[in-house]
2 protein chains.
Amino acid sequence: MPEAKSPNRYTLRDVARRAGVSLGTASKALNKSGTLRSETRDKVLLAANELGFRPNDLAQALHRGQSFTVGLISNDSFGRFTMPIMEGLETVLHEAGIALFMCNATDDPEREKRHIDQLLGKRVDGLVFTGRRADRRPAPGLALGNLPVLYVFSQSDEPDAACLLPDDEGGARLATEHLLALGRTRIAHVTGPEDFEAVRLRRRGYEASLSQVDPTLILHGPWSEAWGREAATRLLALPNRPDAIFAGNDQIARGIVETLRDKAIAVPDDIAVIGFDNWSVMAEASRPQISSIDMNLKSLGEEAGHRLIRMIRGESQGGTSRLPCTLVPRASTTTTP
Amino acid sequence: MPEAKSPNRYTLRDVARRAGVSLGTASKALNKSGTLRSETRDKVLLAANELGFRPNDLAQALHRGQSFTVGLISNDSFGRFTMPIMEGLETVLHEAGIALFMCNATDDPEREKRHIDQLLGKRVDGLVFTGRRADRRPAPGLALGNLPVLYVFSQSDEPDAACLLPDDEGGARLATEHLLALGRTRIAHVTGPEDFEAVRLRRRGYEASLSQVDPTLILHGPWSEAWGREAATRLLALPNRPDAIFAGNDQIARGIVETLRDKAIAVPDDIAVIGFDNWSVMAEASRPQISSIDMNLKSLGEEAGHRLIRMIRGESQGGTSRLPCTLVPRASTTTTP
DNA sequence: CACGACTCGGAAAAGCTTTTCCGAGCCTGT
DNA sequence: ACAGGCTCGGAAAAGCTTTTCCGAGTCGTG
């Protein structure tokens with residue numbers, strides 16, 4: 001028994017009564033369907049306006065069997081990478097009149113299951129999984145039926161799942177070729193833990209761009225500035241030190257640049273440095289500012305929105321696609337712009 | 001005409017039919033209401049389990065006039081500060097069975113209005129505004145009736161709006177008193193733009209902790225490392241230079257620390273430095289690591305969740321409350337722990 | 001003038017759950 | 001053995017919108 005209906009929430013029945021027409025007529029007037037005299041239509045529209053009427057999406061959804069709602073399940077607690085994706089996704093979906101449920105699963109399968117269950121209860125029209133994990137994720141334990149599911153910046157076990165990812169390998173090629181174009185010949189790669197697929201892909205792109213690979217120039221470690229500093233120190237101790245470094249992300253790049261600065265090694269003249277992620281608070285605060293590869297995560301989110309809408313319409317099929325990265329040159333690889 | 005109902009979505013009617021009971025009986029069995037023989041109840045529960053039945057929240061919400069849904073409207077595009085708030089908020093609300101709609105208004109009133117309108121259509125039970133802005137925000141142009149509205153890390157024009165904020169002033173006192181406790185006497189304050197209320201509050205806390213204030217030691221500028229570096233240079237040029245610096249955020253603090261490091265000034269021995277925000281990627285990557293003030297944004301989000309739930313229950317009233325900050329000492333103010 | 005056709009608005013069902021009210025059947029006590 | 005009371009399950013309405021179908025009224029034309 002809904003006791004206290006919000007004072008300013010009117011129902012279609014109220015509109016109809018005020019306009020002096022029947023329920024169905026009012027509906028048709030507002031939806032421009034059916035055949036009505038324009039006079040009647042205007043009467044209804046006026047009444048609706050006066051009352052500030054807003055149709056109840058719940059009833060609408062119940063009736064049409066479509067909720068105009070999708071769920072987003074993040075596994076990195078709304079971390080740095082999820083944000084721009086969410087932003088792009090939300091923009092596109094909002095334009096299509098679709099609202100976004102936010103859930104944070106934090107890589108906890110139990111929590112994820114509860115979230116999915118809740119979303120299914122809300123009859124979402126689609127589901128998006130996001131959040132970089134070390135590696136591919138197992139399929140969620142729940143039967144999702146034919147609900148559209150999209151993995152963004154994240155992957156699934158299922159072979160034909162719909163995935164949307166940045167082209168890490170291409171980005172790495174972009175970076176390496178940029179360094180090659182500067183005439184560098186000994187290019188090191190200081191990057192993150194090997195159990196990230198992105199790390200393996202970037203490394204592959206790096207290796208593919210080189211005519212020959214020197215394994216001593218490839219260093220794996222944690223994603224931190226401290227590791228960048230340590231790795232730089234190690235590289236400088238080599239008998240034949242590199243003339244360029246491609247870092248696996250901007251934090252590592254910054255650690256490298258700082259160490260080179262400490263040792264009065266000129267960047268980019270002696271050693272050029274390029275990062276990955278284009279995280280501006282890192283890349284632009286460094287001295288010199290760090291060139292980087294932008295994964296265009298906001299575009300990735302927007303593309304995810306478009307693709308999900310197509311899937312909801314039943315138009316599109318699964319499959320993995322990768323969106324190109326972009327080179328953002330800054331002072332760490334370019335001599336006086 | 002809902003044509004293709006999802007294959008694995010069964011309705012209560014299906015459960016009832018399978019259990020050989022009527023609709024109402026099935027409902028009562030699942031909700032543990034009414035008076036049923038336990039045998040009948042079990043029969044229904046079994047059928048529901050076999051079918052994987054999940055009640056349709058849409059219908060439920062429609063019936064009870066409560067959607068178990070709240071909207072979150074962010075004005076900083078899901079920025080760095082919104083994330084932990086969202087995380088805390090989502091955790092608490094999820095435990096209460098409430099789902100969270102995410103909207104990004106980006107300080108665009110038109111966009112915000114459309115979002116609110118959409119949320120009202122979805123009959124959300126409450127609304128949360130978040131996202132640091134330069135200053136207080138005008139009340140949204142829509143009549144919200146008696147819908148619970150909570151401003152988190154954000155403020156409203158309305159005098160008795162419900163606001164939840166970090167205690168910037170107290171945090172600044174914490175920082176300043178920490179420096180005083182180290183025996184420092186000339187404490188500078190390098191901070192952000194004056195049109196941020198947080199900047200004014202932090203400055204007030206700083207001034208309140210000092211026996212006398214030297215205006216030449218207070219510098220306003222942008223929120224960046226570059227500004228921290230510039231301000232540090234200026235402070236070092238003073239005839240009577242400070243022996244401690246309280247920075248308005250961690251980026252500024254890091255800029256300061258780097259400049260001091262460049263000039264071989266010992267931190268903290270010659271000049272102690274403390275930041276604000278406790279942004280770990282900044283504070284912990286710096287050399288030395290930077291002491292900071294933590295606003296406990298995740299707790300703020302959690303508290304927001306609890307408070308919103310009380311408001312939805314009709315228990316709580318408006319008013320602004322501020323949650324305490326915490327001192328996180330690191331190497332930039334403590335000599336070898 | 002009358003009939004047919006067309007225009008417009010209303011009634012009703014569907015979509016799914018919850019809850020109240022009521023009826024039927026069974027048991028017990030006299 | 002019968003009446004009353006209690007236990008259990010079913011029927012129905014409410015919550016709000018959309019859509020189909022149908023009836024009534026009107027206009028035009030023969």
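Naming convention: chains lettered A, B, ... in sequence-line order (proteins, then strands); numbering from 1 in each chain.
- Distances were taken from every side-chain heavy atom of A/Thr40 (C-beta onward) to each of D/dT17, C/dG9, D/dG15; the shortest belongs to C/dG9.
- Distance from the side chain of B/Val21 is smallest to D/dG10 among D/dT17, D/dG10, C/dC16.
- Aromatic pair B/Phe53/B/Tyr10: ring centres not closer than 6.0 Å.
- Of the listed nucleotides (C/dA11, D/dC8, C/dT19), C/dT19 has the atom at the smallest distance from the side chain of B/His63.
- Among the nucleotides D/dC8, C/dG9, C/dT17, the one closest to any side-chain atom of B/Arg37 is D/dC8.
- If you measure from atom CD of B/Glu39 to atom P of D/dG9, you get 8 Å, rounded to the nearest angstrom.
- Rounded to a whole Å, the CG atom of A/Asn31 is 10 Å from the P atom of D/dT17.
- To the nearest angstrom, P of D/dG10 lies 12 Å from CG of B/Leu12.
- Comparing A/Lys28 and A/Leu23 along DNA chain D, the residue whose closest nucleotide (by nearest heavy atom) sits nearer the 5' end is A/Leu23.
- With rounding to whole Å, B/Arg13 atom CZ is found 11 Å from D/dA11 atom P.
- Put simply, the side chain of B/Arg322 never gets that close to the backbone of B/Leu165: no donor and acceptor are under 3.5 Å apart.
- Rounded to a whole Å, the CZ atom of A/Phe53 is 10 Å from the P atom of D/dC16.
- Rounded to whole Å, atom P of D/dT17 lies 9 Å from atom CG of A/Leu30.
- A donor-acceptor pair is defined here as one N or O able to donate and one able to accept, closer than 3.5 Å; such a pair exists between the side chain of B/Glu90 and the backbone of A/Asn104.
- Look at A/Thr35 and you won't find any side-chain N or O under 4.0 angstrom from OP1 or OP2 of C/dT7.
- A sub-4.0 Å separation between OP1 or OP2 of D/dG9 and a side-chain N or O of B/Thr25 is absent.
- In this structure, a donor-acceptor pair under 3.5 Å is absent between the side chains of A/Ser33 and A/Asn31.
- Using a 4.0 Å heavy-atom cutoff across all strands shown, A/Leu58 reaches no nucleic acid atom at all.
- You'll find that the side chain of B/Ser27 is closest to C/dT18, out of D/dT17, C/dG10, C/dT18.
- At the heavy-atom level, A/Leu36 lies under 4.0 Å from the strands shown only through sugar-phosphate atoms.
- Closest to the side chain of B/Gln60, from the set C/dT17, D/dT18, C/dG10, is C/dT17.
- Of the two residues near DNA chain D, A/Ala59 and B/Gly20, the one whose nearest nucleotide lies more 5' is B/Gly20.
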Going through the checks in order, is the side-chain contact (heavy atoms from CB on, under 4.5 Å) test met by A/Arg111 and B/Thr91?
CA-CA 10 Å; A/Arg111 214 182 135 97; B/Thr91 304; 3.8 Å; yes
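- Look at CG on B/Asp42: it is 13 Å from P on D/dC8, rounded to the nearest Å.
- For the pair A/Lys43 NZ and C/dG10 P, the interatomic distance rounds to 8 Å; values are reported in whole Å.
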